[in-house]
Amino acid sequence: MQREHRHVSIDSYAYLSGMRDWNSSYKVLFSAAALIAVLAADRPAVSLGTVFYMLLLTVGKGGVRLRDYIRLLGIPATFILLGGLAVALEFSGEVPGGTLATLRLGGVFVCVTERGLSLAVTLGLKALGAVSAVFMMTLSTPMGELLAVLRRLRIPALMIELMHLIYRYIFLLFDISARQREAAYARLGYRDFKTSLRTFGSTLANLLLLSMKRSELYYDALEARGYDGGCRFWEERKRLTVGQLWYGALYVTMAALLMGGL
Amino acid sequence: MSKKHMKLTAALAGFSLAFCVSTTVSAMHIMEGYLPPQYCIAWGVLCLPFLVTGFLSIRKKLEENRRNITLLAMAGAFIFVISSLKIPSVTGSCSHMTGTGLGAILFGPSAVSILGIIVLIFQAILLAHGGLTTLGANTFSMAIAGPLLSYGVYRLCKKLSVNRWVSVFLAAFIGDLFTYCVTSVQLALAYPSEAGGVWASVGKFLGVFAPTQLPLAVLEGILTVLIMMALEAYAKPELKMIGFHREVK
């Protein structure tokens, strides 16, 4: 994978995925259904089931390397940890019932209650389940196809057009920024903290300057190709097969069984 | 390099990577799945009037001059890119700017609401920061509340003729802090404390995220000032292009 695009590895996987030829509307629907199932059920069993099902599907069928998939699942780790801490801890003047551990700080007790702890764990699992459900879609569907689905959902054309352009420009700017960084490194621009800040600030200012200049050029390029106030992109037709439906049906069955308290 | 040496290097690299991943600090995006469905919907509905206003203002800008489309798209891409670049840091943790203050000062709060929601969708899809279900809540705190206050602070400082750089710093710093407070309130409303209710819970969330968010807000302020300084030195015509001319003396 190209180094300067490492920020957006999810995007690279989407193009390489073994599930790329799946019908994109179906993938979006599947992912949304799984998201709703995880949120509405609000049960650790359903969340865990979703985590494993999506892992097997994305790694097994999509061909994402297991190591990379686990690294991606680690992205929300900080948030889950800190958020979980805030939910699990209680501060109060007296020790409430169902307390598992307390710590006295002056006149205040910091307690971990049973309810708080179980809520924190449930929440963490729910976040992992929801992230997995979204990964199934994002790791197998390139942005162009997702935007095509949005267009079919009657999102205003102007929004879709802006999103298409922004998506393209993100990669152009990443390329510029990677080159800037290299040049600044070569000139000892990141020698110490103070210099780094100064370099970082002026690099970004320069990036804005370059991007504004380029936007002029890009408009000319659009016009040269007959732009008349609306971008139309080619969309591949991807057939929905029975095989794809089976995976969805299997998930729904599993979620229903888990919800029933299996 | 001996085999042992190589192993050691690999282990160190792995460790530092793990450390970096586990301490990635960015704007406080509420994770996917972290809010109950009714809150996801409520925050989304609350965003709608702001988004419609933003959409109409962008459409008007485009009717005036169709060329603005690439300019707006570049502005959106720029906000995405600066929010995903690693800030230089002393401790070695990975932190990212939010870009809300800078965006509000440069492009105005109404355009930033639309650009902001697009950037948040891309962050959720391409980087797994934030989420699609929590898009409403995140849009409200990062693309609406934060930028609006930043812009307000900036205008107010201008009226009171505060030093330019101080006002840029304050706009970015306060905007960042406000975003973090709004997010804490959003989390606390969904998960009130058993003993002390919503406000005790706000305190808990504020406290837990403070060690990462306070230094970030200060850094964001400093960096925004450095960026604006460089822009004014080298890029007056471009600033004029994005409608900043009303501000430049």
Side-chain angles (χ1 to χ4, degrees), chain A residues 7-8 10-11 35 38-40 72 74-80 82-83 85-87 89-92 96 113 115-116 123 126-127 129-131 134 138 146 158 162-163 165-167 169-170 173-174 177 190 193 196-198 200-202 204-205 207-209 211-215 218-219 229, chain B residues 21-25 29 31-34 36-37 55 58-59 62 66-67 69-74 76-78 80-82 84-85 87-88 90 114 118 122 124-129 131-133 187 191 193-196 200 204-205 208-209 222-223 226-227 229-231 234-235 238 241-242:
Chain A
H7 300 282
V8 274
I10 293 180
D11 187 65
L35 255 181
V38 168
L39 283 191
L72 287 172
I75 292 174
T78 319
F79 190 88
I80 291 176
L82 290 177
L85 207 62
V87 171
L89 294 181
E90 282 289 350
F91 295 84
S92 74
T113 61
R115 182 184 156 275
L123 259 178
K126 213 161 65 168
V131 167
V134 174
T138 55
L146 288 180
L158 176 58
L162 260 180
M163 288 177 86
L165 292 175
I166 290 178
Y167 175 65
Y169 295 167
I170 284 171
L173 292 189
F174 268 139
S177 130
Y190 295 96
F193 183 60
S196 306
L197 276 188
R198 184 164 277 271
F200 192 73
S202 39
L204 289 189
L207 188 66
L208 182 70
L209 181 67
S211 64
M212 293 299 126
K213 281 212 168 114
R214 297 223 170 164
S215 77
Y218 291 150
Y219 190 84
Chain B
V21 167
S22 65
T23 56
T24 295
V25 175
H29 293 77
M31 268 321 293
E32 191 79 85
Y34 223 79
F55 184 76
I58 281 187
R59 210 170 60 180
L62 289 179
R66 196 65 212 175
R67 289 193 86 85
I69 182 87
T70 45
L71 199 68
L72 276 169
M74 267 301 178
F78 179 72
F80 181 93
V81 169
I82 62 168
S84 66
L85 289 178
I87 295 179
V90 220
I114 290 290
I118 294 179
F122 282 167
I125 290 177
L126 298 173
L127 307 173
H129 287 171
L132 299 174
T133 52
L187 285 168
Y191 302 105
S193 154
E194 207 175 347
K204 286 197 296 179
F205 279 107
V208 159
F209 285 97
I222 296 173
L223 283 171
L226 286 174
I227 294 170
M229 275 179 163
L231 278 177
Y234 306 120
E238 278 74 19
M241 214 162 85
I242 42 185

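Since this is a predicted model, take the numbers as computed values, not measurements. In what follows, chains are A, B, ... by sequence order, proteins preceding strands, each numbered from 1.
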Look at A:Leu207, A:Leu209, A:Leu208, A:Leu89 and state which one has the largest set of heavy-atom pairs under 4.5 Å with chain B. A:Leu208
Return the option, out of A:Val38, A:Val87, A:Leu158, with the maximum number of heavy-atom pairs under 4.5 Å with chain B. A:Leu158
If you draw a 6.0 Å radius around CZ in B:Arg67, do more than 12 non-hydrogen atoms from other residues or ligands fall strictly inside? yes
Drop me the distance from B:Met229's CE to A:Ser202's OG, to the nearest 0.5 angstrom. 11.5 Å
What part of B:Ala128 is in contact with chain A, defined as an atom under 4.5 angstrom from a non-hydrogen atom: side chain, backbone, both or neither? both
Look at the rings of B:Phe80 and A:Phe174 and say which category their plane angle falls in: under 30° parallel, 30 to 60° tilted, over 60° perpendicular. perpendicular
Locate the shortest heavy-atom distance separating B:Phe205 from A:Gly83; write the atom from each residue and the value. CE2-O, 4.0 Å
Once rounded to the nearest 0.5 Å, what's the spacing between atom CG of B:Leu71 and atom OH of A:Tyr219? 12.0 Å
Cut-off 4.5 Å, heavy atoms of chain B, and the answer for A:Leu72 is neither
From CZ (B:Phe122) to CD1 (A:Ile10), nearest 0.5 Å: 13.5 Å
Rounding to 0.5 Å, atoms CG (B:Leu223) and CZ (A:Arg198) come to a distance of 11.5 Å
For a quick test of reading the model, state the closest non-hydrogen atom pair linking A:Pro76 to B:Met31 and the distance between them. CB-CE, 3.2 Å
Between A:Val131 and chain B, with a heavy-atom cut-off of 4.5 Å, which part of the residue counts as in contact: side chain, backbone, both or neither? both
Turns out that what part of B:Ile118 lies under 4.5 Å from chain A's heavy atoms comes down to side chain
Taking only residues two or more places apart in sequence or in another chain, which ones pass side-chain contact (heavy atoms from CB on, under 4.5 Å) with B:Ala124? B:Leu132
Between B:Ala77 and A:Ile170, what is the shortest heavy-atom contact and its length? CB-N, 3.7 Å
For B:Tyr191, is it the side chain, the backbone, both, or neither that has a heavy atom closer than 4.5 Å to a heavy atom of chain A? side chain
Under the side-chain contact (heavy atoms from CB on, under 4.5 Å) criterion, do A:Asp11 and B:Ile125 qualify, and how do the steps go? CA-CA 8 Å; A:Asp11 187 65; B:Ile125 290 177; over 6 Å; no
Any side-chain heavy-atom pair from A:Leu173 and B:Met74 closer than 4.5 angstrom? yes
For the residue pair B:Glu32 and A:Ala130, what are the closest heavy atoms and their distance? CG-CB, 3.6 Å
Please determine, among A:Leu85, A:Thr138, A:Val134, A:Leu82, the option with the most heavy-atom pairs under 4.5 Å with chain B. A:Leu82
Rounded to the nearest 0.5 Å, what separation is found between the CZ atom of A:Phe200 and the CD1 atom of B:Ile82? 8.0 Å
Heavy-atom pairs under 4.5 Å with chain B - which of A:Ile80, A:Leu123, A:Leu165 has more of them than the others? A:Leu123
Does any backbone or side-chain atom of B:Leu187 lie under 4.5 Å from a heavy atom of chain A? Answer side chain, backbone, both or neither. side chain
What are the two closest heavy atoms between B:Ile227 and A:Gly201, and how far apart are they? CG1-O, 3.4 Å
